[in-house]
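Reckoned from all heavy atoms, side chains included, excluding hydrogens, waters and symmetry mates.
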Amino acid sequence: MIKISSREATTDELGLVHTETHIEKITKTSEMTKEDLFEMANNYNSIYLNNLSAFCARLSCGSLIELCRAVALGQVLNGLAIIRPPGHHAEPDEAGGFCLYNNVAIAARYLQNNHGLKKIFILDWDVHHGNGTQTAFYDDPDVVYCSIHRFDYGTFYPGDAIAAAHTAIGEGTGRGRTINIPWNSSGMGDSEYIYAFNKVIIPIIYEFAPDFVLVSAGFDAAQGDHIGQMLVTPAAYGHMTHMLKSLAGGKIILALEGGYNLDSIAVSGLACAKALLNDPIEPLGPIVPNELCVQTIHEVIEVHSRYWKSLPQTCTNPLDDPIQGHVAIGVDKILNAYRQSYLQERHEMIRMPRLESEQRKEFLENVLCTQEVVVRTSGTSNAVRSEKSIMLDTTSHYVDYIIDSGNELIDIVVPYQPSSDEDKTALKEKLLGQLSEIWDNFVSTTGYTGRRIILLASGFGCHAVVGFMNERQKEIVKYINCVTLVPGDDTLPLVAKRMGPWYVENSFVFLTNDHPVWERTQKANNRTGNLIRSEYPSGRLSELMDHLRCSIFEGIEGRLESLPPVPENDSDSDFKDEDLTTMETDETKIPVKSDEPVSNSIGARSTATTSFAHSIPQDGSTATVNATATATTSTSITDTVAPGVTRFERLNDPSSDPSALGRSSLRGWSTASPTTLSNTKRPVFQWQ
């Protein structure tokens, strides 16, 4: 290794990035009193000053420039700049985040202006987003700035939810030259960083073909750093450095940025130095990225595939990028037409009068039942090859079985997958409103005499159903015969404490074989229900639902067979508040693990379902309204969602005039009669 002499950066060099006003303000700190320094520092975000701060900042920046000069002239092959203060948070006109001057940004401009190295690739693997560096090159087509950082949905420092997001891509001729890879969680480690390199960073660098590579090498993502809380090992830093130094003819420099654990900085920096010297690199373990990482990389590729041909060409939203003169039709509308046709032919369903609800349009303009669409595309344009694409309608097995067994159902659809706690709260409230409206208008108004009512839910729909149960405790305990939930990888919703004993006796909660609940050593209380461990591991909820389909129906049927005859009197006079009060004890505990795992295997798609269902009474009387609510979440083309259907048994034969079938023909029907009905044996209605 060769040591390069240090020097201060000149005012002209600092001016390659920073404004004259900013340089003057920092320079004057050398003559300020302690009180003035303290007041000035408080005007910035995370800045601390003394009379030597300006000198140290110039020395840090000048040292990096000297190292760049040595590499550019071929005096050394590559370099590692161990400098402080760092620089990537310094904006052209403002200091921030311990950074006074932006060392790497100034070095990049120096290389362009003084050595004719036009195309510069800057990789920032500091755990914080380099807002200053991004700003300096946001509209520059000759500099690619790529940051891989902790984001936490915009709450992690520097806390800009827009600039640090993956959707910040540059502007003007620099569009596509800013690449943000934002982690929304702590705990990202070797697998996640190497995956990001292989999927995004390395393909883009090869396509860009830079003349020089600069790395803002903060080591606060290293294992052991209490600020970053990431898990990147020295071996991973070595491998990342090794991959980068094969580019730009080996002209690469790593410049120290952040890091708050001296030991982590030392061992990580040493691993990078060894890679630069071609020393052997420690091997990595298996690279298996977590789901959050895979989703983040997918979203980054989705945004940048239009700018980089080396990235997989992904589908774009036609509503975001409309083609002039063309009509954009959502795939959900196409699938909806199929479902309407299928259900009308298979189960004699027709459209249903609308419900009065603020969210009616949002919830009901989806595809009726969920499908998995297997799409084959062209490798260059991502155009769909229709002759190679198919739709797998997996949830039709549930619909077919329920209806063919003589049951009725109403489906409620979850229109989107909530991504934040705020989204989950808002969506849950909407679903609760839908469930309450259906219960009040189509279940309770038809009477409970001679009926069995089943609640079936999966995915996020489980939270809505349990929330509804907690709001209607008295009715649920009296009239619901069985509750079946399949939360998937989601958290377990809890019923109210007073409902616990009833819930554990009347529920099936199917969980994956590796659900986190099985790792607990303590026993779950009865508010979580009767937990059943499946043999199926975590994965797509649709596959789990297909795997459990037979077990779900067997469990429900077994529960119904064990019940006493349905009472003929459906009044509330025989049910008092004391019936719930007596259940307030929470002493009953149930074991978390099941001795007999559930098994069944079929293939499917990702879905979340909320359901009501009525069984046909044993005495042969008509079950007028049966409810199933299907709630499905969608994040991609394979997760299309569907609006619900409501089925009603006709109480008498309709006249030849369809309009004659009005309120009197439908028990408990409280809205306007349908305008069009077919003379089928069983009219069934879809939402309008």
Side-chain angles (χ1 to χ4, degrees), residues 339 342-350 352 368-370 393-413 435 438-439 441-458 461 465 476 479-486 506-508 510 545-546 548-567 570 607 609-631 642-651 666-669 680-687:
R339 289 305 302 168
Y342 170 82
L343 291 171
Q344 183 175 7
E345 295 177 4
R346 178 69 172 80
H347 299 296
E348 301 176 344
M349 293 184 179
I350 59 177
M352 165 189 169
L368 178 57
C369 285
T370 54
D393 188 355
T394 56
T395 53
S396 61
H397 293 303
Y398 277 84
V399 176
D400 293 347
Y401 185 87
I402 292 171
I403 297 177
D404 291 344
S405 299
N407 304 303
E408 305 283 322
L409 63 137
I410 298 175
D411 293 343
I412 296 179
V413 178
L435 290 168
I438 289 175
W439 184 274
N441 287 282
F442 307 126
V443 180
S444 63
T445 56
T446 63
Y448 304 104
T449 303
R451 288 187 176 78
R452 303 292 193 192
I453 305 177
I454 312 298
L455 299 184
L456 171 63
S458 69
V465 164
I476 294 298
Y479 299 118
I480 297 300
N481 303 110
C482 182
V483 180
T484 300
L485 304 181
V486 186
N506 294 275
S507 67
F508 301 103
F510 292 91
M545 288 294 291
D546 247 357
L548 295 173
R549 178 164 50 92
C550 295
S551 297
I552 286 174
F553 288 129
E554 288 173 1
I556 292 174
E557 291 171 354
R559 171 61 184 163
L560 295 180
E561 291 175 358
S562 67
L563 295 175
V566 181
D570 66 348
T607 180
T609 305
T610 309
S611 310
F612 290 140
H614 282 63
S615 293
I616 292 294
Q618 299 296 323
D619 59 4
S621 60
T622 303
T624 321
V625 181
N626 294 302
T628 312
T630 304
V645 296
T646 302
R647 303 194 65 219
F648 291 85
E649 282 288 354
R650 209 163 22 225
L651 302 183
L666 296 174
R667 182 187 301 172
W669 184 246
T680 58
K681 183 177 180 181
R682 269 184 169 177
V684 184
F685 303 97
Q686 299 176 26
W687 303 123

Quiz item: Hey, mind stepping through Thr484 and Phe510 against side-chain contact (heavy atoms from CB on, under 4.5 Å) and telling me if it holds?
Solution: CA-CA 8 Å; Thr484 300; Phe510 292 91; 3.8 Å; yes
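- Here the CD1 atom belonging to Ile552 is positioned 8.0 Å from the OG atom belonging to Ser458, to the nearest 0.5 angstrom.
- Counting heavy atoms from C-beta on, the side chains of Phe553 and Ile402 come closer than 4.5 Å.
- Atom CZ in Arg549 sits 10.0 Å away from atom CE in Met545 (nearest 0.5 Å).
- Expressed to the nearest 0.5 Å, how far CG of Leu456 lies from OH of Tyr398 amounts to 7.0 Å.
- Side-chain atoms of Asn481 come within 3.5 Å of backbone N or O of Ile453 as a donor-acceptor pair.
- Atoms OH and CG, from Tyr401 and Asn407 in turn, are 8.5 Å apart once rounded to the nearest 0.5 Å.
- Note: Ile480 CD1 to Leu455 CG = 4.0 Å, rounded to the nearest 0.5 Å.
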